[in-house]
K.L.:
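Next up is a structure, given as structure tokens.
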2 protein chains.
Amino acid sequence: MSGVPIGEAARVSGVKVPTIRYYEEVGLLPEPPRTAGNRRFYDEARLRRLTFIRHARELGFEVGAIRTLLDLQDNPGQSCSPADSIARQRLLDVVARIDRLKALQTELERMIAGCSHGTIATCRVIEVLTDHGRCAHPSH
Amino acid sequence: MSGVPIGEAARVSGVKVPTIRYYEEVGLLPEPPRTAGNRRFYDEARLRRLTFIRHARELGFEVGAIRTLLDLQDNPGQSCSPADSIARQRLLDVVARIDRLKALQTELERMIAGCSHGTIATCRVIEVLTDHGRCAHPSH
DNA sequence: CCTACATTCTCCAGCGACTAGAGGAGCAAG
DNA sequence: CTTGCTCCTCTAGTCGCTGGAGAATGTAGG
């Protein structure tokens with residue numbers, strides 16, 4: 001009984017229609033039942049799973065990691081340490097990326113601040129990219 | 001005259017061999033002369049261009065933006081304001097991404113801190129992903 | 001019942017920026 | 001001459017979608 005079609009599922013979950021089909025294709029979302037006219041119908045449980053996926057993607061978990069997290073969710077008696085370590089790994093990635101981006105931010109600000117708005121010949125932005133020695137960034 | 005083969009170009013520029021060929025294919029790097037045996041040979045100017053590209057990629061500029069920056073570099077009499085605005089746009093992207101990642105960091109830390117290392121049934125990580133209401137993150 | 005329109009279906013192609021592999025040719029040293 | 005390295009081209013795969021074509025199905029009004 002009941003359920004909603006894919007467009008409605010997209011609306012309530014915030015996941016676009018083709019993306020929902022894509023998640024089904026890659027095995028994140030189980031194949032839903034179809035109507036007589038071959039249309040997918042999503043029940044509550046599937047909509048919840050879809051929201052789980054969306055939320056996890058927003059936090060930057062990869063599809064592979066989400067698959068594992070969903071498997072874990074399906075077996076609630078297990079230890080949560082795999083879930084914990086996936087989240088910790090993700091946190092490490094995020095922190096590393098923030099550090100990297102902050103260094104880029106500093107470098108970009110230096111480049112831009114040094115720009116005297118003249119011609120390319122004296123442009124600090126081009127200069128820094130051309131001549132590595134002028135770059136304050138140590139890691140490259 | 002002369003120059004170095006692609007492997008050496010890769011070594012000195014820090015760009016991998018297939019990536020150098022890729023840059024040639026997409027028109028970032030002009031086609032270098034070849035030896036009798038059809039091998040690419042890179043002179044100083046090309047190596048400098050390659051390093052420019054690598055540096056720009058490390059700062060996260062897209063290939064399209066780099067193409068523009070290279071064009072500008074080739075015409076040093078022009079105003080540097082396009083270069084400046086590309087860099088400024090990039091800076092905005094970087095800052096926005098940092099903000100986003102910081103919010104993720106907070107959320108992940110909350111998830112992990114709340115994990116009592118029991119079973120999935122009581123796992124805070126899974127719980128937050130499942131039940132959106134427990135998420136402190138306002139933007140999703 | 002007919003028509004118009006919206007929604008959904010499947011399949012296939014493309015994005016960006018590479019990366020990997022097959023299968024072959026060139027080249028330098030022992 | 002053979003070994004082993006580098007290089008060549010070409011194709012296809014990666015990730016996570018996104019878009020389009022062309023057909024079928026569902027719904028609301030007349």
K.L.:
I'd like to check A:L70 versus A:I53 (side-chain heavy atoms, cut-off strictly below 4.5 Å). Are they in contact?
P.N.:
yes
K.L.:
Is there a residue in residues 32-39 of chain B whose heavy atoms reach under 4.0 Å of DNA chain C, and which residues are they?
P.N.:
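Listed by number, they are B:G37, B:R39.
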K.L.:
As a quick check of understanding, evaluate side chain to side chain contact (heavy atoms under 4.5 Å, CB included) for B:M111 and B:E127, giving each step before the final call.
P.N.:
CA-CA 9 Å; B:M111 275 168 73; B:E127 203 177 302; over 6 Å; no
K.L.:
Quick one: is C:dT7 close enough that its OP1 or OP2 comes under 4.0 Å of any side-chain N or O from A:R40?
P.N.:
no
K.L.:
Take A:R21 and A:E25, measure what side chain to side chain contact (heavy atoms under 4.5 Å, CB included) needs, and give me the verdict at the end.
P.N.:
CA-CA 6 Å; A:R21 287 196 278 247; A:E25 191 180 294; over 6 Å; no
K.L.:
For DNA chain D, whose closest nucleotide is more 5', that of A:V63 or that of B:G7?
P.N.:
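First, find each residue's nearest nucleotide; the 5'-ward one identifies B:G7.
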K.L.:
Would you indicate which nucleotide in C:dT19, D:dG16, D:dT9 comes nearest to any side-chain atom of A:Y22?
P.N.:
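It is D:dG16.
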K.L.:
Below 4.0 angstrom from OP1 or OP2 of C:dC18, is there any side-chain N or O of B:R57?
P.N.:
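Looking at the OP1 and OP2 atoms of C:dC18, one of them is under 4.0 Å from a side-chain N or O of B:R57.
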K.L.:
Atom CD1 of B:I66 to atom P of C:dA17: distance rounded to whole Å?
P.N.:
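In whole Å, C:dA17 P lies 8 Å from B:I66 CD1.
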K.L.:
Go nucleotide by nucleotide along DNA chain C from the 5' end; which of A:E8 and B:F61 gets its closest nucleotide reached first?
P.N.:
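Mapping each residue to its closest nucleotide by heavy atoms, the 5'-most match is A:E8.
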K.L.:
What is the nucleic acid contact for B:Y23, judged by heavy atoms within less than 4.0 Å: base, sugar-phosphate only, or nothing?
P.N.:
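The residue B:Y23 makes sugar-phosphate contact but no base contact.
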K.L.:
The side chain of A:K16 lies closest to which of these nucleotides: C:dC18, D:dC17, D:dG19?
P.N.:
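Of the candidates, D:dG19 comes closest.
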K.L.:
What is the distance from CD of B:E62 to C1' of C:dC18, rounded to the nearest Å?
P.N.:
14 Å
K.L.:
How close or far is atom C1' of D:dC8 from atom CD1 of B:I6, stated in whole angstroms?
P.N.:
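Atom CD1 in B:I6 sits about 10 Å away from atom C1' in D:dC8.
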K.L.:
Find out whether B:R57 and B:Y23 are in side-chain contact, i.e. whether some heavy atom of one side chain is under 4.5 Å from a heavy atom of the other.
P.N.:
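Of all side-chain heavy-atom pairs linking B:Y23 with B:R57, at least one is under 4.5 Å.
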K.L.:
Please report the distance, rounded to the nearest Å, between CD in B:E25 and C1' in C:dT19.
P.N.:
13 Å
K.L.:
Per the side chain to side chain contact (heavy atoms under 4.5 Å, CB included) rule, which among A:L72, A:D71, A:I66 passes with A:T68?
P.N.:
A:L72
K.L.:
Nearest whole angstrom, please: distance from the P of D:dT11 to the CZ of B:R21.
P.N.:
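Nearest whole value for this atom pair: 15 Å.
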K.L.:
With distance as the sole criterion, is a donor-acceptor pair present between the side chains of B:Q78 and A:T119 under 3.5 Å?
P.N.:
no
K.L.:
For a 4.5 angstrom cut-off between non-hydrogen side-chain atoms, does B:S13 reach B:R54?
P.N.:
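The answer is no, as the side chains (C-beta and beyond) never meet within the 4.5 Å cut-off.
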